[in-house]
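So the structure is just underneath, and the comments pick up after that.
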Amino acid sequence: MEVLLVGNTDFITKQWIQHSFPEDHVVIAQRENTVDGSDRLKIIDISDPAAMTEVMTTYEFDRIVFFSEGLTPRSERDGDLGYLRRLLHAIRNRSTQMLMVCGPESEFTYPENADVRDTSKSLMSRASEELCLYYARTYRLEAKIIRCPYLYAPERNGVTAYFGRLFEQASAGSISFCEREQQQTCFLCADDLAELIYRMFDDWTAESEVFHVPNAFDFTYGDLADVISAAFPGLSVTFGEDRTRHYPADDHALRLRYGWSPRYSLKQDLPLVLQRWKEARAQEQSEKHLIWDFLRNHSKPWIAFEICVTFILEELLRTAVQGNSQLGTVDLRLFFVVIVGTMYGLNAGVFAAALACAGMALSYVSNGASFAPLFYDTSNWITFVVYFVAGAVCGYVQMRNRENLRFMRDENSLLRERLAFLRDLYHDVLDDRRMLRGQIIGRRDSFGKMYAMTRELDEVQPQKLYRAAIRIMQDTLGGDSFGIYRIDNGGRFARLVAASPQTESLFSKSALLENYANVVIALDHGGLWVNRNLEQNLPMYAAGVHANGKLAVVIMLAKAHPDQMNLYFQNLFTIMCGLVESAIVRAFDYENVARQTMLVPGTEFLNAQEFLPKVLAANELKHDHMGDHLLLRVADAWQDDGSRLMGAIRQTDEAGVLQDGNVYVLMNQASEHELPIINKRLTQAGLHVTLVSDHEEDSLLAEASKQVAAESQADETLRRNVAPNDSASHEGGTA
């Protein structure tokens, strides 16, 4: 899913996102003057309305989490009411899950001042909540609100501006609290909030709700000052006289609804917060260079100093070259003015011209000339005018070029940001393409897999279908406790026909349906049973297969993982059972239609061609540890055309004849320790049976398989030989 985190996101790290949204694609909205890409977080700019509309249209976020400025105590940032309105307006009439995390201001009460009920911050906080609920009611937005204590994050440098200011004051020798010493602090660890957000989105509902996060730990501002004082010896602490405020007690709603309660205490985490701040401060101090920092912060005085030094060097050079016939013709002062104006701009050029004029005036004085002719003779002004014009023109050209360069840099920066934004969108599209391609080709529940499952379920023998269904559902759904029951014709008993390996203790071989009335009712009405109340001795999921209007087969999942108790898994289980149902109903219909052709004439026994595949399928179930069976040889089964034998076995059992001419009974889901009970039942019916050992069964089946294969090959050869003869006769008749 696409997730947008917007608002007061200073505390968010890559680890926090991994905790809250482990399987989602998360984007963070950039805050004004705040860009932190140290954790390689994906940050976008939606500060203006046009950018917000474009981003909302491009990404189509499924979930949005808005963090209020009230989560930082005594925040100096402006309110976020207007920004919130633009955000809600941009996502109106969309199926977006909106979660708003507000600060504690709207929860505070002031018991010592009964007349004081609201403050400016509480009014702003309630206005934000009402605005969110208004859009939820008017535009069918799924919105929930969390009223949360102030946030802190132990693992992040400069966790919040509040603690940063406290530690800066403490490093200076004194801190001052506006609160009283006995006032309870109201803080929540960001890791606790991450766990709460994860659980809320995992169990999201469409109705709008407001939740209250408790302040579970007893920690006063006096205790906070003691911890900080221990880290800064000699610290002076003062407390204010703000009104005593009270935060509501825990209403246990979050614990009962989501099984969540705060785990981390500020009292225990504060030393870690302080240590992280000291490490960041030490690293910042180590990266400082006093000389270069001074030069960067005092560039104008340094430029003036350079100009003055250059002017002195120019005057010394001019004095040294006096009398030289070649260098004496060069006006070094004009050269100095041109260089300074070209390098430093208009102001520096005028300043250099003033120095050049002063130098020229001093040279007149040193030669014994008077200032009066210098000022009254206008022809002497030309040199001074040339200096100022040269400095101004060169400075102006340099300043214009600098402005053009800055404009081009700004424009290139905007283009680069635009390119980066489009590149990110392009990569997101590629990621989505790869994800969708992986889902289509490789995922367990993809359409390609569904097609392969449909091909594998294309069987007309129920025993093979049971084995294929168990294996497919294990691979697709991830469970290991599937079972399939066959309902008898009377609708009283359910017989186990196949189950996942090593789940003998989870499924009984036979079940009386009246003991599972609630499950049967759910299967008859909705076709699906979900054990939402976690009742003992009942499966977590069950789906029914109906044939001829009656419940014929039940598919069960005895145990489910916690992440499988959701709507996605329920829908996937229903789809898989629907595929199996279609295959089983088709197999039952085929058996009903072709039943007479499968029997030995005049009996109810299956012939060798039909009985052998059923025994082989039972062997495959036994080999895969999905079932067990017994193969019994019946000595006197031909009496009464086999009616006594068919009346003495269960509906899930099969009786048939193999190539040796003997009648055998395949007892499905029966083991040797149940053999005395089976012998007793068959003896009462006047039948005598002998257990076929595993070695004898393998030899018998191998010989029967060879004979059946030989007969099949002979039939195929006969068919091929008959076809050309038919074609020749047809051609001769036509001629």
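Between atom CZ of residue Arg257 and atom CD of residue Glu209 there is a gap of 4.0 Å, rounded to the nearest 0.5 Å. Remark: Ile17 CD1 to His25 NE2 distance equals 10.0 Å, nearest 0.5 Å. Leu346 CG to Arg402 CZ: the interatomic distance, rounded to the nearest 0.5 Å, is 10.5 Å. A distance of 12.5 Å separates CD of Glu129 from OG of Ser208, quoted to the nearest 0.5 Å. Atom CG of residue Leu166 and atom CG of residue Leu270 lie 9.0 Å apart, to the nearest 0.5 angstrom. Atoms OG and CD, from Ser128 and Glu69 in turn, are 10.0 Å apart once rounded to the nearest 0.5 Å.
Formation of a donor-acceptor pair under 3.5 Å by the Arg126 side chain with backbone atoms of Leu123 is not found in this model. Side chain of Thr9 to main chain of Ile12: no donor-acceptor pair is present (N/O by atom type, distance under 3.5 Å, no hydrogens or angles). Listed for the Asp192 side chain is a donor-acceptor partner under 3.5 Å among the backbone atoms of Arg263. No side-chain donor-acceptor contact under 3.5 Å links Arg147 to the backbone of Pro104. Using a distance-only test at 3.5 Å, with no hydrogens or angles considered, a donor-acceptor pair links the side chain of Thr342 to the main chain of Val338. No donor-acceptor pair closer than 3.5 Å links the side chain of Asp202 to the backbone N or O of Tyr198. For the pair Asp251 (side chain) and Ala253 (backbone), a donor-acceptor distance under 3.5 Å is present. Of the possible polar contacts, one joining the Asn412 side chain to the Met408 backbone as a donor-acceptor pair under 3.5 Å is found.
The shortest distance between side-chain heavy atoms of Val213 and Trp260 falls below 4.5 Å. Between Val27 and Phe61 there is a side-chain heavy-atom pair separated by less than 4.5 Å. Phe163 has its side chain out of reach of Ile228: every pair of non-hydrogen atoms, C-beta onward, lies at least 4.5 Å apart. Side-chain contact between Ile146 and Met200 is present, with heavy atoms from C-beta onward closer than 4.5 Å. In this structure the side chain of Phe66 reaches within 4.5 angstrom of the side chain of Tyr83, judged on heavy atoms. Residues Asp62 and Val3 are not in side-chain contact: their nearest non-hydrogen atoms beyond the backbone lie 4.5 Å or more apart. Within the 4.5 Å cutoff, the side chain of Phe167 has no heavy atoms near those of the Lys278 side chain.
What you find for Ala29 and Val6 is that their closest heavy atoms are CB-CG2, 3.6 Å. Scanning all heavy atoms of the two residues, the minimum distance from Arg243 to Gln183 falls at O-OE1, 4.2 Å. Closest heavy-atom contact between Tyr150 and Thr72: CD2-C, 4.0 Å. The two residues Val337 and Ala353 have their closest heavy-atom pair at CG2-CA, 3.8 Å. The two residues Leu151 and Leu193 come nearest to each other via the heavy atoms CD1-CD2, 3.6 Å. When every heavy atom of Val237 is checked against every heavy atom of Ala225, the shortest pair comes out as CG1-CB, 3.8 Å.
Between Phe108 and Tyr247, the angle of the ring planes goes over 60°, which puts this pair in the perpendicular group of the 30/60° scheme.
Between Phe187 and Tyr264, the ring center distance fails the sub-6.0 Å criterion. Outside the 6.0 Å centre-distance limit, the rings of Tyr152 and Phe11 are not counted as a close aromatic pair.
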| said: Show, in sequence, the C-alpha distance, side-chain angles and deciding distance for Glu306 and Val340, and conclude whether the side-chain contact (heavy atoms from CB on, under 4.5 Å) test is met. | reply: CA-CA 10 Å; Glu306 287 183 346; Val340 172; over 6 Å; no
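No side-chain donor-acceptor contact under 3.5 Å links Asn8 and Ser68. Side chains of Lys144 and Thr205: a donor-acceptor N/O pair is present below 3.5 angstrom, by distance only. Counting only N and O atoms by type, the side chains of Thr238 and Ser176 include a donor and acceptor under 3.5 Å apart. His89 and Arg92 share a donor-acceptor pair across their side chains, judged by distance under 3.5 Å alone.
The pair Arg63-Glu142 does not count as a salt bridge, with every side-chain nitrogen at least 4.0 angstrom from each carboxylate oxygen. By the 4.0 Å N-to-carboxylate-O rule, Arg180 lies too far from Asp242 to be salt-bridged with it.
For the ring-ring contact (aromatic ring centres under 6.0 Å, His included) test, residues two or more places apart in sequence or in another chain that qualify with Phe201 are Phe21, Trp204.
Pairs engaging residues 213-228 under the side-chain hydrogen bond (donor to acceptor under 3.5 Å, both in side chains) rule: Gln184-Asp218, Thr220-Asp223 [sequence neighbours left out].
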